[in-house]
A.B. asks: 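Here's a structure for you.
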Amino acid sequence: MPEQLKVTLNDGQAMPQFGLGVWQTPQDVAAEVVKTALDAGYLSVDTAAIYGNERGVGEGLKAAKGEVFLTTKLWNDRQGFDSTLQAFDKSLGRLGVEAVDLYLIHWPAPAKDLYLDSWKAMIQLKQEGRARSIGVSNFMPEHLQRLIDETGVTPAVNQIELHPSFQQRTLRAFHEAHGIHTESWSPLGQGRQLEDPTVGEIARKHGKSPAQVVIRWHLDSGLIVIPKSVTPSRIRENVEVFDFRLDAEDMAAIDGLDMADGRIGPDPMTANF
């Protein structure tokens with residue numbers, strides 16, 4: 001397999017541009033899913049406390065023959081300075097590791113108004129070297145700007161819902177202006193993008209699957225992408241995207257699929273679960 005792409009985060013750490021997402025992956029199969037991905041050449045795994053599978057992910061990582069970039073996330077009910085530190089320790093324990101490569105605040109949960117305190121705790125974790133990079137997920141420009149203004153520390157990554165039907169261009173422009181890397185969750189639109197005739201036509205042109213074309217669109221757009229699957233054949237298929245590139249016509253066609261109402265998941269401005 002050709003060498004995978006990496007991006008350099010604003011703190012200097014290199015992060016694989018492609019990885020495995022394990023949302024909705026049951027604890028009892030997570031280890032085998034991670035092992036399958038590692039065997040297929042994956043270099044990055046993204047989990048979260050709320051997924052309930054950190055222990056399984058940790059078991060799977062024991063099979064790694066080299067370095068694997070590991071991300072986990074702080075859930076909303078653990079926000080606050082002290083509770084963030086405690087939650088992080090519990091995540092490390094479940095994962096069976098001494099440090100993670102990236103720790104994210106999962107949602108801003110603005111009604112709780114605790115994400116700034118959580119961010120200050122994460123800055124401490126980074127200073128201690130236990131979280132090599134720190135970032136956020138589902139943050140909007142006003143949330144990001146507050147973190148930057150009040151701490152002077154800019155998140156390395158913002159992981160957001162992003163797929164061809166919901167491209168978040170305004171938020172991505174804010175990221176680019178502030179040196180924040182954009183990471184796409186639900187990169188295939190929960191499978192909806194795979195039925196799109198434009199994607200299908202491009203897939204036939206390249207002799208690739210619709211999923212591979214959409215993943216390649218994320219990569220060629222400079223996005224970090226973490227497709228999820230528990231099916232071994234799809235796990236292997238998803239990583240077979242480093243032997244082709246989309247041309248300008250392909251990119252423009254997929255760029256044209258963006259919709260104002262394309263969001264599938266919760267709105268970060270009102271989500272307070």
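One is the number of the first residue; the rest follow in order along the sequence.
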A.B. asks: side-chain hydrogen bond (donor to acceptor under 3.5 Å, both in side chains): which pairs involve residues 264-273, sequence neighbours left out?
C.D. replies: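 Listed by first then second residue: nothing to list.
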A.B. asks: Could you list the residues that satisfy ring pair (Phe, Tyr, Trp, His ring centres under 6.0 Å) with Tyr115, not counting sequence neighbours?
C.D. replies: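 Per chain and number, Tyr115 pairs via ring pair (Phe, Tyr, Trp, His ring centres under 6.0 Å) with Phe139, His143.
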A.B. asks: Mind checking side chain to side chain donor-acceptor pair (under 3.5 Å) for Thr71 and listing every partner two or more places apart, or none if nothing turns up?
C.D. replies: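 Scan of Thr71 (side chain to side chain donor-acceptor pair (under 3.5 Å), adjacent residues dropped) gives none.
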A.B. asks: Enumerate the salt bridge (charged side-chain N to carboxylate O under 4.0 Å, His left out) contacts for residues 133-148, please, sequence neighbours excluded, ordered by first and then second residue.
C.D. replies: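 Matches after skipping sequence neighbours: Asp113-Arg146, Arg146-Glu150.
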A.B. asks: Checking Thr231 now: which residues fulfil side chain to side chain donor-acceptor pair (under 3.5 Å) with it, not counting sequence neighbours?
C.D. replies: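 Partners of Thr231 under the side chain to side chain donor-acceptor pair (under 3.5 Å) test: none.
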A.B. asks: If you group Ile, Leu, Val, Met, Phe, Trp and Tyr whenever their side-chain heavy atoms sit less than 4.5 Å apart, what else falls in with Ile148?
C.D. replies: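 Hydrophobic cluster check, Ile148: no partners found.
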A.B. asks: Please tabulate, for side-chain N and O atoms in residues 248-257, each donor-acceptor pair with protein atoms closer than 3.5 Å (sequence neighbours left out).
C.D. replies:
| unit_1 | atom_1 | unit_2 | atom_2 | d |
| --- | --- | --- | --- | --- |
| Asp250 | OD1 | Lys205 | NZ | 2.8 |
| Asp250 | OD2 | His206 | NE2 | 2.7 |
| Asp250 | OD2 | Asp247 | N | 3.0 |
| Asp255 | OD1 | Trp217 | NE1 | 2.9 |

A.B. asks: Could you list all the side-chain hydrogen bond (donor to acceptor under 3.5 Å, both in side chains) pairs where at least one residue sits in residues 121-135, not counting sequence neighbours?
C.D. replies: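 For residues 121-135: Asp11-Lys126, Asp11-Ser133, Gln13-Ser133, Asp89-Arg130, Asp101-Arg132, Gln124-Glu128, Glu128-Arg130.
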A.B. asks: Each residue besides Val7 in its hydrophobic cluster should be listed here, by chain and number; the cluster joins Ile, Leu, Val, Met, Phe, Trp and Tyr at side-chain heavy-atom distances under 4.5 Å.
C.D. replies: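 Cluster partners of Val7: Leu9, Met15, Phe69, Leu102, Leu104, Val157, Ile224.
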A.B. asks: Taking only residues two or more places apart in sequence, or in another chain, which ones meet Thr84 in a side chain to side chain donor-acceptor pair (under 3.5 Å)?
C.D. replies: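 Per chain and number, Thr84 pairs via side chain to side chain donor-acceptor pair (under 3.5 Å) with Ser118.
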A.B. asks: Go through it in stages, so that I can follow the logic: the residues are Asp243 and Lys208, the test is salt bridge (charged side-chain N to carboxylate O under 4.0 Å, His left out), and I'd like the CA-CA distance, side-chain angles, deciding distance and then a yes or no.
C.D. replies: CA-CA 10 Å; Asp243 56 353; Lys208 291 289 184 177; 2.9 Å; yes
A.B. asks: Aromatic ring centroids of Phe273 and Trp75 under 6.0 Å?
C.D. replies: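 Here the rings of Trp75 and Phe273 have centres that are less than 6.0 Å from each other.
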A.B. asks: Among residues at least two apart in sequence or on other chains, which ones pass side chain to side chain donor-acceptor pair (under 3.5 Å) with Arg236?
C.D. replies: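 Not a single residue meets the side chain to side chain donor-acceptor pair (under 3.5 Å) criterion with Arg236.
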A.B. asks: Using a side-chain heavy atom cutoff under 4.5 Å and only I, L, V, M, F, W and Y, what cluster partners does Ile226 have?
C.D. replies: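 Listed partners: none, Ile226 stands alone.
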